Structures are given as structure tokens and as C-alpha cells.
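Worksheet for the structure shown next.
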Amino acid sequence: MIEILTPAQLDRARDTGALVGGILQTLKARAEVGVNLLDLDRWTRELIEDAGAESCYVDYAPSFGRGPFGHYVCTAVNDAVLHGMPHDHRLADGDLLTLDLAVTLRGVAADAAISFTVGDSAASDDLAMIDATERALAAGIAAARPGARIGDLSHAIGSVLHGSGYAINGEFGGHGIGSTMHQDPHVANDGRPGRGYALRPGLLLALEPWVMHDTAELVTDADGWTLRSATGCRTAHTEHTIAITESGAEVLTLAR
């Protein structure tokens with residue numbers, strides 16, 4: 001399903017996006033050395049409930065996961081990159097942490113992810129990966145406008161990632177979003193320009209470039225959810241929800 005939002009729904013999407021962006025920044029500030037991933041999950045639940053919102057993750061049970069996810073935020077550490085299930089792990093100095101969050105507020109969902117290093121020991125390779133995903137996301141957003149095609153966004157994202165020396169996994173990418181978290185169209189992190197669905201005002205997309213340092217191959221953790229790099233290398237993932245408007249793309253998941 002490809003959903004086109006009404007102006008009233010888009011206003012609600014702005015509120016949802018600001019909530020997601022704000023929660024992620026709060027969690028980033030709290031993600032200090034020694035903090036347990038389960039504490040981050042608990043704080044996320046409290047922040048969502050205090051806002052009168054609903055988690056998109058707790059009851060989420062797609063074909064690629066093992067049963068309902070059961071948590072409120074994805075916490076991917078070091079070699080984990082996607083769908084990181086919170087567990088009893090205390091953050092260490094130099095850990096590379098990705099937080100991925102999706103919530104629904106007043107019937108509209110928003111989805112975003114940030115990657116950052118914990119503590120004072122930031123490896124240069126980690127910072128370069130994070131920077132590459134952020135630049136790729138910016139390129140995808142810049143390509144998003146009415147009449148552009150999904151392939152234009154995928155090509156813009158992939159050009160930055162390839163140009164930065166990373167291989168691209170095609171199994172998971174961005175997606176449409178609206179009254180539910182995951183919708184069509186799929187937005188791959190690499191593609192050919194001029195191909196795919198033509199963007200229309202009112203369309204919401206979650207763009208999410210992610211890379212692994214020296215591989216494009218994923219393995220699934222024993223928890224049935226967490227996806228890790230096959231070589232054990234570090235990873236990074238950045239995501240925003242955007243709205244297509246008459247004048248271009250509006251980023252919704254920025255903290256106000």
C-alpha cells in the first residue's frame with residue numbers, strides 16, 4: 001500500500017516526527033558509559049507513554065523476526081546494525097551505538113535512527129562510517145521532490161555510500177510510512193535514476209542508509225532479531241522520515 005496523507009494528517013505527522021527526534025536526542029544524552037541497554041528501553045517506554053503515543057515495535061512481528069519484538073527501541077551496538085534487541089549489556093567507552101525508534105501519535109507514524117560513539121574514545125573509522133550514512137541521507141533527501149522517482153533517491157544514497165568505499169546490502173532499506181510503520185514503496189540504498197514510483201505531495205518516506213565497514217553480508221543473532229555484520233566489523237545507520245511537499249522534502253524527525 002502507498003498512502004498519500006491529507007494536510008491534516010501531515011500536520012499530525014510533524015508532531016509525531018518531532019516526538020521521535022526529541023526522544024532520540026534524549027536517549028543519546030543518557031547513553032553514557034555504564035548505562036544498560038535495558039535502561040534505554042525502559043526510558044523509551046516512559047517517554048512514549050508520557051507523550052500519549054504508542055510504540056510501533058512492541059507487538060511488531062514481521063516475517064524476518066522471531067515473534068513480537070517486545071521492546072520500545074532498537075539498540076544496535078558495534079557489529080549489530082539493524083533491529084538490535086535491547087538486552088543486558090552495559091555500554092563501554094568507544095562503543096558504536098545505533099538507536100532506531102518508531103512511534104505512532106494521533107494515528108500517524110514516524111521512524112528515525114541515529115548512530116554515535118559512547119564516551120570519549122571515538123575511532124576514526126567509526127566516525128567516517130557515521131558521516132557517510134549522514135551524507136548519504138542528506139543526498140537522498142535533496143533528491144526527493146514531486147515528480148522524482150524512487151530510483152533517483154536510491155541512486156543519490158548509493159552514490160555517496162559507494163563513493164565512501166562501502167559495499168551496500170540490498171536486503172533492507174527505506175520505506176513508505178503513514179498510518180502504519182512499514183509501507184510501500186521500498187527505498188533501496190542503491191539504484192538507478194529514473195526508475196520506480198513517482199513521488200507525490202503527501203507521501204511520507206523513511207530513508208535509512210546503513211553500512212558495515214568491510215562487508216555487505218548480514219547474520220542473524222540468536223535472539224532472532226538483531227542483524228549483525230558477518231565479519232564482526234562495526235556498522236552505522238542513519239534515518240529520517242520525510243514528507244514530500246510541493247516545494248521538495250520536509251524532514252519531520254528533527255527534535256524541536
Side-chain angles (χ1 to χ4, degrees), residues 17 20-33 40 73-84 91-101 111-144 152-175 187-191 205-218 227-242 248-255:
V20 169
I23 290 176
L24 286 175
Q25 291 305 312
T26 297
L27 295 175
K28 180 179 180 180
R30 295 182 182 181
E32 299 176 339
V33 173
L40 290 174
V73 64
C74 293
T75 55
V77 181
N78 296 334
D79 64 323
V81 64
L82 298 173
H83 315 151
L91 294 170
D93 188 39
D95 274 349
L96 199 169
L97 175 64
T98 297
L99 300 174
D100 191 351
L101 176 66
D111 189 1
I114 55 174
S115 288
F116 55 93
T117 56
V118 176
D120 300 320
S121 301
S124 59
D125 285 348
D126 292 349
L127 297 179
M129 269 196 307
I130 295 168
D131 178 68
T133 62
E134 291 175 346
R135 288 186 290 107
L137 179 57
I141 293 169
D152 299 331
L153 280 61
S154 296
H155 177 72
I157 291 168
S159 294
V160 173
L161 298 181
H162 281 306
S164 300
Y166 299 105
I168 297 173
N169 176 288
E171 296 175 75
F172 296 93
H175 51 89
V187 187
N189 286 325
D190 195 18
L205 296 172
L207 306 183
E208 47 181 316
W210 58 276
V211 294
M212 300 176 282
H213 185 257
D214 62 15
T215 185
E217 184 179 351
L218 291 167
L227 296 178
R228 300 182 181 274
S229 62
T231 62
C233 69
R234 300 264 188 144
T235 70
H237 173 201
T238 304
E239 178 181 15
H240 272 310
T241 295
I242 65 171
E250 177 183 351
V251 180
L252 302 181
T253 43
L254 296 172

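Fair warning: this is a prediction, and the values are worked out from it, not measured in the lab.
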Point-to-point distance, once rounded to the nearest 0.5 Å, from NE2 of His155 to CD1 of Ile157: 11.5 Å

Hits for side-chain hydrogen bond (donor to acceptor under 3.5 Å, both in side chains) against Asn78, two or more places apart or cross-chain, chain-then-number order -> Asp95, Arg234

Rounding to 0.5 Å, atoms CG (Asn169) and CG (Leu218) come to a distance of 4.5 Å

Residue pair Leu96 / Ser115: nearest heavy atoms and the distance that separates them: CD2-CB, 4.2 Å

Nearest non-hydrogen partners of Thr215 and Cys233, listed with the distance: CG2-SG, 3.9 Å

If you take all heavy atoms of His237 and Ala113, which pair is closest and at what distance? CE1-CB, 3.8 Å

Between the main-chain N or O of Ala156 and the side-chain N or O of Ser159, is there a donor-acceptor pair closer than 3.5 Å? no

Who pairs with Ala122 by side-chain contact (heavy atoms from CB on, under 4.5 Å), at least two apart in sequence or on another chain? Thr117, Leu127

Side chains of Asp111 and Asp100, heavy atoms from C-beta outward: is any pair under 4.5 Å? yes

Determine whether Glu208 and His175 make a side-chain contact, defined as any pair of heavy atoms from C-beta on separated by less than 4.5 Å. yes

Taking the side chain as every heavy atom from C-beta outward, state whether Thr231 and Glu217 have any atom pair closer than 4.5 Å. no

Looking at Val81 and Val211, what are the two nearest heavy atoms and their distance? CG2-O, 4.2 Å

Of the non-hydrogen atoms in Ala132 and Tyr166, which two are nearest, and what is the gap between them? CB-CE1, 3.6 Å

